[in-house]
Structure formats: structure tokens, C-alpha cells
S.K.: 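One structure, as C-alpha cells, below. Some questions next.
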Amino acid sequence: MSVTPYGSGSGKKKEVEQMFDQIAPKYDFLNHFLSVGIDIQWRKKAIREISRHPHDHILDIATGTGDLAIAAMKINPASITGIDLSAEMLAIAEKKVAEKGYASKIHFQKGDSEKLPLDDNRFDAAMVAFGVRNFENPLAGLKEICRTLKPGGFFLVLEFSKPENFPVKQLYHFYFRFILPFLGRFISGDKRAYEYLPESVAAFPSGKDFLQLMQNAGFERCYLKNLTLGIASIYCGFKKK
């Protein structure tokens, strides 16, 4: 399976869907194992950022197996709507939510980030964790998210970055290019999925470039916070009133 480069080509969406359907059973384990559990702390920091703003009704795009939605229950929203392309990932998310007793507040549906089956001005906050780099058309996806937010609504993206300082940059590059694909392939049995991860991160327009993309999509007062020496970043902004 060949995956189209970030943000180009009409085949990327379907291939990403198929890839995540295939790795869904091992996805949670690999996330925590390959990040040495740091991804859990990143999600907690993202939710703390959201907690500072109105968050009664939250939209979780590229919700995957629901980890960020579940983490957001600590700030007691009235409802969370999770959207994802992968039916297999959503099936796992629904099971996890039911086991934790959150099914009355967290609801999932299969959907496309670029054509959200949701009304305008519906949500107080929206969030995406490790999903924007999988959008086929990033600007279209961000515009759709903006459309569903209430005026002044808060938007947050948690995503991998590209550290710039020695020796973190060199160690990160070596791990992402060689160690992570090998371990991911060995555990998941999917050769392509964990080669795609470093490729998509390398192609992602991180830092100021992504903040500019958010502004082009209709967000203002955009800012970023680097996490763990620049390995990941939190991007935030507000829908224009």
C-alpha cells in the first residue's frame, strides 16, 4: 500500500482509512509503547489547555480509539462528539467508552474531516490529536472544523513536531526513521503503517507554517506550545467572532 504524500492526491483519504482499520487492534498498545507513555502526558496537557475556555460541547476530530475524548472527561463537558474515517478504530473507541461508563456523554460517528456531517456553530471547542497530518486537504479540513465551532470557539491541535536543537534533532530523526518503523512493523504486522508515520510527520507544515494555515482557515489569536524538547506541539486558536 502506498500512501500519497501529505496534502496531495485524491487517494490518500481511502488509504489512510484502510491503514488505520488494519492496525486498529494494536493501535493503543503501540501508541503508548513507542512513545514510552509520553503521549498520555501530552493529552493531559492538551485537555488542561481546553479547560481554560468554554467546553460544554466538544468536537474531537480524528478521534481514533477515543483516547483524547476519554481524557477530556476530566473537565466534565456536557457532550463530546468524536469523528473518524476508520470504522475499526471507532469500534474500539465505543467499547472503551462503554467500559468507562461514558457512553451517555461521548458519541462517535464515522465521518470525513473535510465534509463534516454537523451543523454550523454547534461546538464550544474542537480538538485533534495526531490527525491533521492525515488530512487529504488540510486547509479544507480546518475550515470545516471552524465552521462547526461557535463564534469565539476554541480550537486545539496536538501533533508531532520536528525538533531543531542538537542532540534531540539527531536522536529523534534516528528513532523515527529506523527504530519506530521496525518496532511498529514487528508488533503490528503492518509494514507500511509505521513507515507512513515518519513520512507524514516530515511533510507536516509545523510551527509558524501551521499557525498560518489555521489563520487562513478562519482562526485568530493563534499560538503554539512546544512539548518535550519540541518532539510535539500544541497549536491553539479561536474562531473569529
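This one's a predicted model, so the numbers in the text were calculated from it and none came from an experiment. The residues of the chain are indexed from 1 along the displayed sequence.
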S.K.: Tell me, with the steps shown, if L85 and F20 meet side chain to side chain contact (heavy atoms under 4.5 Å, CB included).
M.R.: CA-CA 9 Å; L85 274 175; F20 281 104; over 6 Å; no
S.K.: Got V132 and Y235 here, is their nearest side-chain heavy-atom distance under 4.5 Å?
M.R.: no
S.K.: Are the side chains of K115 and D112 in touch, meaning some heavy atoms are under 4.5 Å apart?
M.R.: yes
S.K.: Just jot down the ring-ring contact (aromatic ring centres under 6.0 Å, His included) partners of F130, sequence neighbours excluded, or say none.
M.R.: F160
S.K.: Checking N134 against K13: is there a side-chain donor and acceptor pair closer than 3.5 Å?
M.R.: no
S.K.: Do the side chains of K110 and E17 get close enough for a salt bridge, i.e. N-O under 4.0 angstrom?
M.R.: yes
S.K.: With rounding to the nearest 0.5 angstrom, report the CG to CG distance, L227 to D39.
M.R.: 12.0 Å
S.K.: Kindly compute the distance separating CZ (R43) from NZ (K45), expressed to the nearest 0.5 Å.
M.R.: 13.5 Å
S.K.: Check whether any side-chain N or O of K241 sits under 3.5 Å from a backbone N or O of P151 as a donor-acceptor pair, and report yes or no.
M.R.: no
S.K.: Go through it in stages, so that I can follow the logic: the residues are L142 and L213, the test is side chain to side chain contact (heavy atoms under 4.5 Å, CB included), and I'd like the CA-CA distance, side-chain angles, deciding distance and then a yes or no.
M.R.: CA-CA 8 Å; L142 294 178; L213 200 62; 3.9 Å; yes
S.K.: Specify the closest pair of heavy atoms between E114 and A140, including all atoms of both residues, with the distance to one decimal.
M.R.: CG-CB, 4.1 Å
S.K.: Linking I/L/V/M/F/W/Y whenever any side-chain heavy atoms sit under 4.5 Å apart, do L139 and F219 land together?
M.R.: yes
S.K.: For a quick test of reading the model, state the closest non-hydrogen atom pair linking E49 to K225 and the distance between them.
M.R.: OE1-NZ, 2.9 Å
S.K.: Can you tell me how far apart CD (E164) and OG (S206) are? Round to the nearest 0.5 Å.
M.R.: 7.5 Å
S.K.: Mind checking the CD1-CD1 spacing from I80 to I106? Nearest 0.5 Å is all I need.
M.R.: 4.5 Å
S.K.: Could you tell me whether the side chain of L224 reaches within less than 4.5 Å of the side chain of K208, counting heavy atoms only?
M.R.: no
S.K.: In terms of ring plane angle, is the pair F154 and Y223 parallel, tilted or perpendicular, where the classes change at 30° and 60°?
M.R.: tilted
S.K.: Check for me, please, whether I179 and F182 land in the same ILVMFWY cluster - side-chain distances under 4.5 Å, paths through other members count.
M.R.: yes
S.K.: Using the side-chain contact (heavy atoms from CB on, under 4.5 Å) criterion, which residues pair with K240? Sequence neighbours excluded.
M.R.: E220
S.K.: CD1/I234 to CG/L158 distance, rounded to the nearest 0.5 angstrom?
M.R.: 6.0 Å
S.K.: With sequence neighbours excluded, tell me which residues meet salt bridge (charged side-chain N to carboxylate O under 4.0 Å, His left out) with E144.
M.R.: R147
S.K.: Is it true that the side chains of W42 and T228 contain a donor and an acceptor less than 3.5 Å apart?
M.R.: yes
S.K.: Which heavy atom of R177 sits nearest a heavy atom of E199, and at what distance?
M.R.: NH1-CG, 4.2 Å
S.K.: How far apart are the closest heavy atoms of Q170 and N165, and which atoms are they?
M.R.: OE1-O, 4.4 Å
S.K.: F155 and C236: side chain to side chain contact (heavy atoms under 4.5 Å, CB included), yes or no, with the steps?
M.R.: CA-CA 6 Å; F155 177 48; C236 303; over 6 Å; no
S.K.: Side-chain contact, heavy-atom cut-off 4.5 Å: I145 with V128?
M.R.: yes
S.K.: According to ring-ring contact (aromatic ring centres under 6.0 Å, His included), who are the partners of Y175, at least two apart in sequence or on a separate chain?
M.R.: none
S.K.: Considering the options T148, T63, L59, which one meets the side-chain contact (heavy atoms from CB on, under 4.5 Å) requirement together with I83?
M.R.: L59
S.K.: Would I58 and T81 satisfy side chain to side chain contact (heavy atoms under 4.5 Å, CB included), going step by step from the backbone distance to the final call?
M.R.: CA-CA 6 Å; I58 300 175; T81 300; over 6 Å; no
S.K.: For K162 and Y172, work out which heavy atoms get closest and say how close.
M.R.: CA-CE2, 4.4 Å
S.K.: Determine yes or no for a side-chain-to-main-chain donor-acceptor pair under 3.5 angstrom, with H55 supplying the side chain and H53 the backbone.
M.R.: yes
S.K.: For S161 and G230, which heavy atoms make the closest approach, and how far apart are they?
M.R.: CB-O, 3.1 Å
S.K.: Which residues pass the ring-ring contact (aromatic ring centres under 6.0 Å, His included) test with F178, not counting sequence neighbours?
M.R.: F174
S.K.: So is R133 actually on top of F204's ring, under 6.0 Å and inside 45° of the axis?
M.R.: no
S.K.: Under 3.5 Å, side chain of K150 to main-chain N/O of D124, donor-acceptor pair present?
M.R.: no
S.K.: Determine yes or no for a side-chain-to-main-chain donor-acceptor pair under 3.5 angstrom, with D56 supplying the side chain and A78 the backbone.
M.R.: no
S.K.: Looking at CD of Q22 and OH of Y27, how far apart are the two atoms once the value is rounded to the nearest 0.5 Å?
M.R.: 15.0 Å
S.K.: Are I92 and V16 co-members of a hydrophobic cluster defined by side-chain heavy atoms under 4.5 Å apart?
M.R.: no
S.K.: Can you confirm whether D120 is buried at CG, in the sense that more than 12 heavy atoms of other residues, nucleotides or ligands lie under 6.0 Å from that atom?
M.R.: yes
S.K.: Distance-only check: which donor-acceptor pairs under 3.5 Å involve side-chain atoms of residues 64-76, not counting sequence neighbours?
M.R.:
residue	atom	partner	partner atom	Å
T65	OG1	D28	OD1	2.5
T65	OG1	D28	OD2	3.4
T65	OG1	K96	NZ	3.3
D67	OD1	K96	NZ	2.6
N76	OD1	K105	NZ	2.7

